[in-house]
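Take a look at the structure below.
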Amino acid sequence: MSNIKERVLLIAEYKGVSKTDFFKDLGLSYANFKGIQKMTALNSDAVASILSRYADIEPEWLVTGHGPMLRQGGTVVRDDTAFYQEPVVVNEIEPTLIDALKQVIASQEKTILALEEQIIILKEQRKSQ
């Protein structure tokens with residue numbers, strides 16, 4: 001299945017929003033979703049931003065690629081008295097979001113360990129030269 005950044009691009013496509021506007025709205029840089037940067041990890045703040053802005057996106061799908069892209073069930077509640085209000089999904093959004101973020105953190109911890117191992121190897125190679 002696709003990586004998380006490819007799934008984020010699918011959200012923009014599904015929403016029918018230009019990628020530039022989509023990422024600007026999220027406070028992210030589109031450049032991080034192109035070329036070789038597309039293969040790098042996505043931080044948990046970005047995941048939280050996407051899931052809070054697009055409450056209809058299934059967190060498990062976003063993080064793992066498993067299941068449907070869109071939430072099943074749940075009611076989107078909007079306050080029409082405000083100029084603009086983020087949609088709020090009732091029915092356990094917080095536990096699902098927390099689980100998704102825990103998976104992102106675990107993935108990032110693995111990446112950090114792998115990078116630390118690479119640093120050790122490079123230092124040893126430098127010493128032997």
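All figures in this text were calculated on a predicted structure; none of them were measured in a lab.
Across every non-hydrogen atom of Met69 and Ile11, the tightest pair is CE-CA, 3.9 Å. Heavy-atom minimum distance, Leu62 versus Arg7: O-NE, 2.9 Å. Contact between Ser49 and Leu26 at its shortest, heavy atoms only, is OG-O, 3.4 Å. Nearest heavy-atom pair across Glu58 and Pro68 is CB-O, 3.3 Å.
Annotation: the span from Met39 atom CE to Asn3 atom CG amounts to 5.0 Å, rounded to 0.5 Å. Taken to the nearest 0.5 Å, the CG atom of Leu51 stands 8.0 Å off from the CD1 atom of Ile57. Atom CD of Glu6 is separated from atom CD of Glu13 by 11.5 Å, given to the nearest 0.5 angstrom. Once rounded to the nearest 0.5 Å, the distance linking CD1 of Ile50 with CG of Asp25 reads 11.0 Å. A distance of 11.0 Å separates CZ in Arg126 from CD1 in Ile119, rounded to the nearest 0.5 Å.
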Between Asn32 and Phe23, does a side-chain contact (heavy atoms from CB on, under 4.5 Å) hold up when you go through it step by step? CA-CA 10 Å; Asn32 288 321; Phe23 289 106; over 6 Å; no

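When side chains are defined from C-beta on, Leu122 counts as touching Gln125, because their heavy atoms get closer than 4.5 Å.
Applying the side chain to side chain donor-acceptor pair (under 3.5 Å) test to Asp21 and every residue at least two apart in sequence or in another chain returns Ser18. Legend: residues meeting side chain to side chain donor-acceptor pair (under 3.5 Å) with Lys5, ordered by chain and number and at least two apart, are Thr40.
Within 6.0 Å of NZ in Lys24 there are 12 or fewer heavy atoms belonging to other residues, nucleotides or ligands.
Taking the centre of each ring, Tyr14 and Phe22 stay at or above the 6.0 Å mark.
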